[in-house]
Amino acid sequence: MPTIAIIGAGPGLGQAIARTFGSHGFGVALLARDRAKLGDLAGKLTAEGIEAAAFPADVLDRAALVRALGEAAARFGGIDVLEYSPAGTFGSTALTVPSETEPAHVQHELEFQLYGAIAATRAVLPAMREAGAGTLLYTTGAGSIAPVPQLGNVNAAAAALRNWVLNLHRELDGTGVQAAHVGIDAVIGSDDAAIPGFATAPAEQISPLYWELHTTDRDQSERIFRA
């Protein structure tokens with residue numbers, strides 16, 4: 001059974017991606033910090049006929065993240081697709097405009113976005129290279145491309161991740177392994193989740209992009225979703 005590992009799996013985008021790939025016969029390895037919520041999501045997907053399992057891990061604890069990915073690979077017999085989209089919270093993320101950003105503000109976001117992605121990639125890429133097949137997908141907000149002042153530190157780290165992914169795509173050209181970035185120019189959820197000045201979109205409208213990058217759009221290094 002082909003398997004996708006979703007890092008940052010939750011009831012929004014992660015769940016939608018899990019359902020999209022699960023509907024095509026994929027097993028789903030769910031990775032996130034909250035053990036209880038992760039277990040609930042795995043149970044919900046299982047009830048829908050999708051083979052899913054939870055592997056609690058914090059992307060800031062890179063040893064634990066790599067260990068969880070190893071456990072997922074052992075459980076499912078390998079990882080064919082990696083999707084990286086951990087989401088911070090307003091409680092854990094200090095938002096700063098560029099002129100008020102200090103190095104520590106960016107460092108935390110780099111640890112969360114870029115360094116976690118690098119660690120996860122190094123955990124799964126060797127097996128993909130050996131197999132000559134695999135897909136690596138990474139998600140940021142569209143501020144990685146067109147930054148907004150309110151998210152100065154977050155956008156800086158997201159732009160670093162995007163740059164690294166686009167370069168990884170170029171490096172892996174011809175190996176059979178796809179690497180691509182998804183930039184989401186919307187607040188994910190219903191209108192109830194709206195933030196003034198930002199459009200909203202349901203996760204189910206976004207998740208097909210990931211399947212397309214894995215299947216029909218493997219030559220593309222990036223897709224941008226705009227509501």
Side-chain angles (χ1 to χ4, degrees), residues 1-35 37-46 48-87 112-140 161 164-165 168-169 172 175-182 203 206-215 218:
M1 172 186 294
T3 299
I4 180 171
I6 301 173
I7 300 176
L13 182 61
Q15 178 175 281
I17 294 172
R19 283 174 169 157
T20 296
F21 278 79
S23 69
H24 288 90
F26 270 67
V28 180
L30 304 165
L31 291 84
R33 290 170 292 182
D34 193 313
R35 182 182 296 270
K37 290 182 180 178
L38 207 59
D40 289 344
L41 178 55
K44 182 180 296 186
L45 293 169
T46 299
E48 296 173 5
I50 297 171
E51 186 168 342
F55 302 89
D58 188 337
V59 298
L60 296 176
D61 184 344
R62 286 187 279 282
L65 175 61
V66 170
R67 186 165 55 251
L69 285 167
E71 292 170 355
R75 161 67 173 77
F76 287 98
I79 294 173
D80 303 277
V81 179
L82 174 74
E83 193 280 320
Y84 187 86
S85 58
F112 190 71
Q113 298 193 57
L114 177 61
Y115 301 160
I118 291 173
T121 302
R122 289 177 60 85
V124 303
L125 181 55
M128 291 182 178
R129 281 186 182 273
E130 184 175 352
T135 301
L136 304 162
L137 303 172
Y138 309 84
T139 305
T140 72
L161 173 57
W164 180 79
V165 174
L168 180 63
H169 176 88
L172 295 176
T175 67
V177 182
Q178 152 76 324
H181 168 252
V182 177
I206 303 169
S207 60
L209 271 67
Y210 296 82
W211 181 253
E212 291 164 7
L213 284 167
H214 173 60
T215 55
R218 295 185 64 82

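Just so you know, residue 1 is the first one in the sequence shown, and it goes up from there. Remember, predicted model here, so these are calculated numbers, not experimental data.
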Distance in Å, [X] [atom1] paired with [Y] [atom2], rounded so as to fall on 0.5 Å steps:
X   : Y    : atom1 : atom2 : result
I79 : L125 : CD1   : CG    : 12.0 Å
L69 : T121 : CG    : OG1   : 9.5 Å
I50 : H24  : CD1   : NE2   : 11.0 Å
I6  : L31  : CD1   : CG    : 9.5 Å
R62 : I118 : CZ    : CD1   : 9.0 Å

When you measure from the side chain of [X] to the backbone of [Y], do you find a donor-acceptor pair of N or O atoms at a distance under 3.5 Å?
X    : Y    : answer
D80  : T3   : yes
H169 : A180 : no
R218 : H214 : yes

Side chain to side chain, [X] and [Y], heavy atoms closer than 4.5 Å:
X    : Y    : answer
I7   : L82  : yes
Q15  : K44  : yes
W211 : T135 : no
P208 : E212 : yes
F76  : V28  : no
L45  : L30  : yes
Y210 : E83  : yes
L136 : M128 : yes

S85-T139 side chain donor-acceptor pair, cut-off 3.5 Å =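 S85 vs T139: no donor-acceptor pair found between side chains.
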
Original post:
Can you check side chain to side chain contact (heavy atoms under 4.5 Å, CB included) on L13 and I206, steps first, answer last?
Top reply: CA-CA 8 Å; L13 182 61; I206 303 169; 4.1 Å; yes

| query | Relative to each other, are the rings of Y138 and Y84 parallel, tilted or perpendicular (30° and 60° limits)? | reply |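 Correct class here is tilted.
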
Report task. Quickly, which of L213, L137, I17 forms a side chain to side chain contact (heavy atoms under 4.5 Å, CB included) with V81? Name it, please. Result ->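 That would be L137; it is the only one of L213, L137, I17 passing the side chain to side chain contact (heavy atoms under 4.5 Å, CB included) with V81.
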
Notebook entry, point to check: Going by an N to O cut-off under 4.0 Å, is there a salt bridge joining R75 and E51?
Noted result: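 The answer is yes: the pair qualifies as a salt bridge.
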
For A179 and L172, which heavy atoms make the closest approach, and how far apart are they?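 Reported closest heavy-atom pair: CB-CD1, 4.1 Å.
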
